[in-house]
Q: 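Dropping a structure here in C-alpha cells format, bear with me for questions.
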Amino acid sequence: MEIAGIIGILVIVGIAVVVVVVLLLILLLFARSWIKVARADEALVISGRKQKVQTAVLSADGSSRSEMSESPVTVIVNGKSLVNPITQRHEIISLRSRQVSLNAEAQSLDSVTLNVDGVAIVKIGSDPILVRRAAERFASQDKAIEQFTTEQLEGALRGIVATLSVVELMRERKKFSDQIAADVSQELAEQGLILDSFQIKGITDKVGYIQSLGAPEIQAKRQSAEISQTNADRAINQKNIANQEANLVEQTALDTNTANANAGIGRARAEAEQAENLAREQAQQAVLQQQAENKQAQLDADVKRVADAQRYEAETRAQAELYTRERAAEAAAIEQVKQAEARTRIAEQQAQADRARADGEAAAAVAKAQGEADALRSQAEAESEARRLRASAEADAIRAEGDARAAALEAEAKAIASNQDAFLSQRVLEVLPSIMAEFSKGYAAIGNVSIIGSSGEDGASNVVGADNAKALRSVFDSVHSATGLDLAGIIQGQAVGRGIGEGVAAATAPAPAQARVPNPTAPPPPAAPATDAD
C-alpha cells in the first residue's frame with residue numbers, strides 16, 4: 001500500500017516538473033519574441049510607443065529654446081527593448097558608413113565644361129534625433145540614402161564649380177572639396193545623414209583645355225632640359241678633347257719607349273745569337289770528344305771480348321777434364337761393384353756345396369747371410385768411394401777453372417802492360433779483313449763496270465784495286481787519328497820480322513822431336529795478323 005502511494009507521488013511530481021519545464025520554454029519563446037536587441041552599428045526604432053524628446057524651438061525674435069515634447073517613435077541606439085508585437089512595431093536602422101561615387105558634368109567660371117569625379121562617405125547619425133529623421137524618410141527604403149546623397153552632392157558641386165575658374169579648381173582642390181562638404185552637410189543633416197568625408201578624384205575636360213594649361217610650363221621645362229643637355233654635351237666634348245690630347249701625349253711617350261725597348265731587344269737578340277753560336281760550337285766539340293770516347297770504349301770492348309773468349313776456352317777445358325775424371329770415378333766404382341758381385345757368387349757356390357751336407361744346413365744359412373752382408377758392405381764402400389772420387393774431381397775441376405781464368409787474365413794484363421801498341425795493333429789487324437770484306441760487298445752488287453776516259457792500260461781491275469787501296473789507306477788514317485797507331489808501319493815491321501824469323505828457323509832447324517802436350521790451362525797464342533796486301 002505504501003509502495004503504491006510512493007509511486008503515485010512520484011508520478012505527480014514528474015508531471016509537475018514536465019509542466020513547469022513546458023511553461024518555462026513558453027516563457028522563453030515569448031520573451032525572445034518580445035525582446036529586441038540592436039547591434040553596435042544599428043539603431044532600434046519602435047513605432048507605437050511614445051518617447052519624450054528635447055527639441056529646439058525658434059522664437060519670433062530669432063532666438064531658440066529647448067522644449068520637451070513627446071514623439072510617437074522611440075529610438076534606441078546600441079541597446080535593447082521589450083516590444084509588444086501586438087500593439088507595437090520595430091525597425092532596425094543600419095548606422096554603417098556608405099561610400100557614394102559621383103561623376104558630374106559642370107561648367108566653370110571661364111565657360112569650360114568639366115567632368116568632376118568625386119567620392120563621399122555618408123552615414124545615418126548616431127544621435128536619436130538624426131535616427132528619427134532618417135527613420136521617417138528611409139526606414140523602408142535603405143538604398144534611397146545613396147541616391148539622395150548623390151543628387152545632393154552633384155547639385156552642390158555644379159553650383160560651386162560655376163563660381164570658380166579651372167585654374168582655381170586645379171590649384172585649390174582641397175578648398176573646393178571642403179566647400180562642397182560644408183554646403184551639403186546642413187541639407188544632409190535635415191535628412192538625418194552625416195557627411196564623414198568628400199574627396200575630388202579627378203577633373204577632366206573633353207577639349208584638352210586642362211592639358212593646355214601646363215603646356216607653357218612643360219615647354220619651359222623642356223627648353224631648360226634641352227639647354228642643360230646641350231651644356232652637358234659641350235662639357236662632355238671638352239672633356240673628350242682633353243682626354244684625346246692626354247692620350248696623344250701618352251701614346252707619343254709609349255711609342256718612344258717602344259722604340260727604345262725594340263732597340264734593346266735587338267741588342268739582346270744579337271747577343272743571344274752570338275751566345276747560341278758559341279754554345280753550338282761547344283756542343284759540336286763535345287760531340288767530337290764523345291765520339292772519340294766512344295771509339296776508345298769500342299776498342300776497350302774488343303779487348304774485353306778477346307779476354308772473355310780466352311776465359312771461355314779455359315772454362316771449357318776445365319769442364320772437359322772434370323767430365324773425364326767423373327767418368328773415371330764412375331768406372332772405378334762399377335769395377336768395385338762387379339768384384340763384390342763376384343765374391344758374392346763365390347760365397348753362394350760355397351754355400352750350395354755346404355748345403356749338400358746333411359749336417360751343414362745351419363752352417364750354409366750362416367755362410368749365406370755372411371756373404372750377403374759382405375756384399376752389401378762392399379757395395380756401400382764402393383758407392384762411398386765413388387762419391388769421394390766425384391767430389392774430388394769436381395773440386396779439381398773448379399780449381400782448374402779458377403787457375404785457368406786467373407792465368408788468362410794475368411796473361412792478358414801482362415800482354416797489355418808490356419806492349420800495348422802491339423796488342424792494339426793486333427786487334428785492329430784482326431778486324432781489318434772484316435772491314436775490307438764489307439767494303440767489297442759494294443762491288444759485288446755491281447753487275448757491269450764501264451770505265452770512260454782512261455788509257456788502255458787502266459783496266460777495271462786496276463781501277464777497283466786503286467779504290468781498295470784508297471779505302472784501306474783511309475782506314476789506316478782514321479785509326480791513326482783515333483789511336484795514334486801507324487798500321488802501315490806495323491804491318492811492314494811484322495812482315496820483315498816474320499821473314500827473318502822463318503829464315504833463321506830454316507837454318508837452325510833441329511831433328512823432329514816428339515810433340516808436346518799443350519797445357520789446357522794456358523791461353524792460346526795470339527793469331528798472326530794477315531800480311532796479304534792487295
Q: How long is the span from the CD atom in Gln298 to the NZ atom in Lys295, to the nearest 0.5 Å?
A: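 Here the rounded value is 11.0 Å.
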Q: Counting heavy atoms not belonging to Gln147, are there more than 12 under 6.0 Å from its CD?
A: no
Q: Checking side chain to side chain contact (heavy atoms under 4.5 Å, CB included) for the pair Leu102/Phe198: CA distance, chi angles, key distance, verdict?
A: CA-CA 11 Å; Leu102 66 150; Phe198 177 76; 3.7 Å; yes
Q: With no hydrogens and no angle check, do the side chains of Arg234 and Asn237 hold a donor and an acceptor under 3.5 Å apart?
A: no
Q: Hey, is the main chain of Arg173 close enough, under 3.5 Å, to the side chain of Ser177 for a donor-acceptor pair?
A: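 Side chain of Ser177 to backbone of Arg173: a pair is present.
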Q: Given Ile203 and Asn115, is the side chain to side chain contact (heavy atoms under 4.5 Å, CB included) satisfied, shown in steps?
A: CA-CA 6 Å; Ile203 300 174; Asn115 292 323; over 6 Å; no
Q: Determine whether Leu193 and Ile145 satisfy the following criterion, side chain to side chain contact (heavy atoms under 4.5 Å, CB included), listing intermediate values before the conclusion.
A: CA-CA 8 Å; Leu193 301 175; Ile145 295 175; 3.7 Å; yes
Q: Not counting sequence neighbours, list each pair that qualifies as a salt bridge (Lys or Arg N to Asp or Glu O under 4.0 Å) and has a residue in residues 200-212.
A: none
Q: As an exercise, state the distance from CG of Asn243 to CD1 of Ile236, rounded to the nearest 0.5 Å.
A: 11.5 Å
Q: Donor-acceptor pair, Glu168 side chain versus Ser165 backbone, under 3.5 Å?
A: yes
Q: At what distance, to the nearest 0.5 angstrom, does CD1 of Ile160 lie from CD of Gln179?
A: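 One gets 4.0 Å once the value is rounded to the nearest 0.5 Å.
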Q: Rounded to the nearest 0.5 Å, what separation is found between the CG atom of Leu164 and the CG atom of Leu109?
A: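 Leu164 CG to Leu109 CG: 7.5 Å, rounded to 0.5 Å.
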Q: Restricting to salt bridge (charged side-chain N to carboxylate O under 4.0 Å, His left out), what partner residues turn up for Asp196, sequence neighbours left out?
A: none
Q: Could you list the donor-acceptor pairs under 3.5 angstrom formed by side chains in residues 118-130, with sequence neighbours left out?
A:
unit_1	atom_1	unit_2	atom_2	d
Asp127	OD1	Ile129	N	2.8

Q: Atom OG of Ser108 and atom OH of Tyr209: how far apart are they, to the nearest 0.5 Å?
A: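 So the gap between those two atoms works out to 7.0 Å.
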Q: State plainly whether the residues Asp178 and Lys175 are in salt-bridge range, i.e. N to O under 4.0 Å.
A: no
Q: Taking side chain as C-beta onward, heavy atoms only, is Thr113 less than 4.5 Å from Glu105?
A: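 Yes, side chains in contact.
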Q: Can a side-chain donor-acceptor contact be found between Gln251 and Asp255 if the only test is distance below 3.5 angstrom?
A: yes
Q: Out of the candidates Ile200, Val161, Val112, only one should pair with Leu169 under the side chain to side chain contact (heavy atoms under 4.5 Å, CB included) rule; please name it.
A: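 So, applying the side chain to side chain contact (heavy atoms under 4.5 Å, CB included) to Leu169 and each of Ile200, Val161, Val112, only Val161 qualifies.
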Q: Closest approach of Val184 and Gln152, non-hydrogen atoms and distance?
A: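 Scanning both residues completely, I find the closest heavy atoms to be CG2-O, 4.0 Å.
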Q: Restricting to non-hydrogen atoms, name the atom on Val131 and the atom on Ala43 that form the minimum distance, rounded to 0.1 Å.
A: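 Smallest heavy-atom distance, with atoms named: CG1-CB, 3.8 Å.
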Q: Going by atom type alone, with no hydrogens or angles, which donor-acceptor pairs under 3.5 Å involve a side-chain atom of residues 277-284 and a protein atom two or more places apart or on another chain?
A:
unit_1	atom_1	unit_2	atom_2	d
Asn277	OD1	Arg280	NH1	2.8
Asn277	ND2	Glu273	O	3.2
Arg280	NH2	Glu276	OE2	3.3

Q: With a 6.0 Å cut-off (strictly less than), is the heavy-atom count around CD of Gln290, excluding the residue itself, greater than 12?
A: yes
Q: May I ask you to check whether over 12 heavy atoms, not counting those of Arg158, lie within 6.0 Å of atom CZ?
A: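 Yes, CZ of Arg158 has more than 12 neighbouring heavy atoms, counting only those of other groups under 6.0 Å.
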Q: Taking the side chain as C-beta and beyond, is there a heavy-atom pair between Ile241 and Gln238 under 4.5 Å?
A: no
Q: So, do Gln199 and Lys174 sit near enough that their side-chain heavy atoms are less than 4.5 Å apart?
A: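 Gln199 reaches Lys174 side chain to side chain.
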Q: With sequence neighbours left out, write down each residue that passes salt bridge (charged side-chain N to carboxylate O under 4.0 Å, His left out) with Arg133, or none if nothing qualifies.
A: none
Q: How far does CG of Asn260 sit from OG1 of Thr256, to the nearest 0.5 angstrom?
A: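 OG1 of Thr256 is found 7.0 Å from CG of Asn260.
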Q: Hey, does the side chain of Glu42 reach the backbone of Arg39 with a donor-acceptor pair shorter than 3.5 angstrom?
A: yes
Q: Are side-chain heavy atoms of Leu322 and Ile398 found at a separation under 4.5 Å?
A: no
Q: Output all residues satisfying salt bridge (charged side-chain N to carboxylate O under 4.0 Å, His left out) with Lys239, sequence neighbours left out; order by chain, then residue number.
A: none
Q: Do Asn103 and Val116 pass the side chain to side chain contact (heavy atoms under 4.5 Å, CB included) test, and can you show the C-alpha distance, the side-chain angles, and the key distance before you say yes or no?
A: CA-CA 6 Å; Asn103 184 358; Val116 181; 6.0 Å; no
